There are 2 protein chains.
Amino acid sequence: MHPPMLEGNLAQPVIRRLNALRQLSDRGIALLQQAIQDGLQRARAGEDIVSEGDPVDGVRIILSGWLCRYKTLEDGRRQIVNFVLPGDSCDACVYLLSVMDHSIGALTPVTYAEIERAAFEKLLAGDRSLAEALWCETMVNSAIQREWTVNIGRRIALERIAHLLCELHERLLPVGMIEDGSCLFPITQMDLADATGLSVVHVNRTLQELRGAGLIVLRDRTLTITDLKVLQGTALFSADYLHTKRRG
Amino acid sequence: MHPPMLEGNLAQPVIRRLNALRQLSDRGIALLQQAIQDGLQRARAGEDIVSEGDPVDGVRIILSGWLCRYKTLEDGRRQIVNFVLPGDSCDACVYLLSVMDHSIGALTPVTYAEIERAAFEKLLAGDRSLAEALWCETMVNSAIQREWTVNIGRRIALERIAHLLCELHERLLPVGMIEDGSCLFPITQMDLADATGLSVVHVNRTLQELRGAGLIVLRDRTLTITDLKVLQGTALFSADYLHTKRRG
DNA sequence: GCGTCGACTTAACATACTTGAAATCGCGTC
DNA sequence: GACGCGATTTCAAGTATGTTAAGTCGACGC
């Protein structure tokens with residue numbers, strides 16, 4: 001259906017992401033590309049690709065688009081617990097549990113690959129570097145989750161939003177989605193609020209403050225970090241928890 | 001050094017904990033007990049058994065005592081990101097990463113088993129039920145971490161503390177540390193504050209409120225949940241995220 | 001071209017929670 | 001038995017953040 005060339009392009013973010021954790025072998029890359037090609041899927045913005053309570057059937061690998069993991073309280077309060085970016089995979093091993101404890105919703109149109117449990121186990125068994133990279137990614141997700149707990153629990157609004165922006169910047173770097181400190185930023189202020197545990201109004205106030213300080217430009221779904229060092233400073237940000245090998 | 005009987009008792013919480021996730025085979029239990037016996041360690045209250053920045057050398061399994069995982073900001077603010085209870089293991093697979101991104105500190109005197117990387121890999125390879133149970137536990141830890149994010153981000157103080165108490169209650173049940181709704185509760189109000197993202201003063205106020213409502217009795221390091229149903233209700237608590245098979 | 005709708009923005013007000021400080025209590029030490 | 005110390009408790013005052021509401025802007029449909 002698609003020419004091989006296109007498939008290669010689609011898998012680029014995933015390969016770059018995993019390579020930043022563990023050097024993938026050629027064999028691993030080939031297996032991965034095949035698995036991706038076999039399970040291509042799309043979702044529209046606003047759609048949930050998995051919902052809380054669903055049985056866990058397999059693994060999803062994001063090729064393009066942004067999503068978020070979130071949980072909702074009975075009375076409607078929502079908390080986004082993580083963003084899922086191109087190259088990320090969802091629940092590389094949550095398939096050990098039987099039921100999803102959270103939902104994953106698309107913030108933009110999304111392309112992803114869905115890999116059934118059996119195929120995924122074959123993938124893991126097929127190449128050690130690939131298996132390790134995927135486990136690794138799961139571990140990094142845990143580390144991110146811990147840092148979010150710290151962020152929401154102990155940072156004030158300004159630091160908190162600054163920290164989130166720093167994290168997203170750092171995570172988008174290895175998959176090649178940052179150009180000149182700018183990136184597409186499809187997150188609404190309401191999403192930002194639900195991700196930081198703040199109200200929309202206060203998120204807005206705080207973004208104004210960051211703009212006023214000349215640290216960021218955020219306009220037309222595009223984020224530019226004008227002064228990364230200072231932004232990281234005000235966020236008390238250190239990239240260590242992302243466990244990403246730096247290029248070079 | 002110790003009679004086999006005593007070792008069996010030491011490993012009880014671990015076995016019960018893992019059994020609640022995956023039925024362990026006899027072989028798995030035997031391997032586990034041997035590994036535990038080989039790596040017995042102690043720590044005093046207040047001591048860190050692992051610190052942020054340390055190389056990740058192996059895995060620790062808690063036999064008795066309470067600990068917490070925590071991170072500290074440059075200026076001293078501290079956030080506890082999880083409690084570690086008897087039967088829990090620390091970083092069953094974080095050993096895929098090279099450096100700890102958080103510390104683990106003992107809140108009470110602690111007995112634990114330290115298993116080197118090689119021995120641990122042999123353990124995983126030696127019994128499938130054991131390996132699955134340990135991976136499973138790691139996944140549950142991620143789920144707990146997500147729920148903490150929700151808790152701190154979207155619940156008010158009263159709900160937040162109630163939720164934490166419900167979670168601890170639920171986690172202590174399968175390891176047999178709840179008697180008549182009561183348990184040892186060695187956490188200071190300051191720890192509680194650092195775990196919930198609140199100030200000590202407000203934690204105190206909120207505990208008074210829970211006491212006043214007749215939901216809990218907390219005195220002399222002992223917590224009694226007087227009205228579990230109502231406590232869970234005010235916490236908007238559902239145990240689903242703990243993925244624990246219920247007895248019976 | 002007008003109306004609708006979602007996202008963003010701003011203002012005024014309310015409050016949940018923090019900060020700082022001091023009193024009390026229990027507990028182990030000298 | 002006096003002292004010191006950590007944990008708990010209470011008070012008073014301050015502030016970061018939430019809430020409610022209303023207005024703007026751009027995109028999109030008819």
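Quick note on labels: first sequence line is chain A, next is B, and so on, each numbered from 1. Bear in mind that the values here come from a model prediction, so they are computed numbers and not experimental data.
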## Note on the structure
As a check of understanding: the bend across the helix from C:dG1-D:dC30 to C:dC30-D:dG1, end axes from five pairs, rounded to 10 degrees, works out to 30°
Could you state the [atom1]-[atom2] distance from [X] to [N], rounded to the nearest angstrom?
X        : N      : atom1 : atom2 : result
B:Asp194 : C:dT18 : CG    : P     : 11 Å
B:Ile156 : C:dT15 : CD1   : C1'   : 12 Å
B:Arg160 : C:dA16 : CZ    : C1'   : 10 Å
A:Glu159 : D:dT17 : CD    : C1'   : 14 Å
B:Asp75  : C:dT19 : CG    : C1'   : 15 Å
B:Gln189 : C:dC25 : CD    : P     : 16 Å
B:Leu207 : D:dT8  : CG    : P     : 9 Å
B:Arg154 : D:dT17 : CZ    : P     : 13 Å

### Query
Could A:Lys71 and B:Glu147 be called an ion pair, given the rule that one side-chain N must be under 4.0 Å from one carboxylate O?
yes
### SB check B:Arg17 B:Asp88 (cutoff 4.0 Å)
yes
Is there a donor-acceptor pair closer than 3.5 Å between any side-chain N or O of [X] and the backbone N or O of [Y]?
X        : Y        : answer
B:Ser142 : A:Ser142 : no
B:Arg69  : A:Arg146 : no
A:Glu209 : A:Leu158 : no

### Query
Is the number of heavy atoms from other residues, nucleotides or ligands under 6.0 Å of B:Asp180 CG greater than 12?
no
### Query
Minimum heavy-atom separation for B:Cys183 to B:Met177, with atom names?
CB-O, 3.4 Å
### Task
Please report the shortest heavy-atom distance between B:Gly214 and B:Thr226, naming the atom on each side.
O-CB, 3.4 Å
### Message
At a heavy-atom distance below 4.0 Å, what parts of residues 196-206 of chain B sit against DNA chain D?
### Response
B:Val201, B:Asn204
### Query
In residues 208-221 of chain A, which residues come under 4.0 Å of DNA chain D by heavy atom?
none
### Query
Taking the six-membered ring for Trp, are B:Phe185 and B:Trp66 parallel (under 30°), tilted (30 to 60°) or perpendicular (over 60°)?
perpendicular
### Task
For B:Glu167 and B:Trp148, run side-chain hydrogen bond (donor to acceptor under 3.5 Å, both in side chains): C-alpha distance rounded to whole Å, both residues' side-chain angles, the deciding distance at 0.1 Å, then the answer.
CA-CA 10 Å; B:Glu167 175 183 309; B:Trp148 278 48; 3.1 Å; yes
### Query
Side chains of B:Ile144 and B:Leu242: does their closest heavy-atom pair fall under 4.5 Å?
yes
### Message
If you assign A:Met190 and B:Arg155 each to the DNA chain C nucleotide with the nearest heavy atom, which residue ends up on the more 5' nucleotide?
### Response
A:Met190
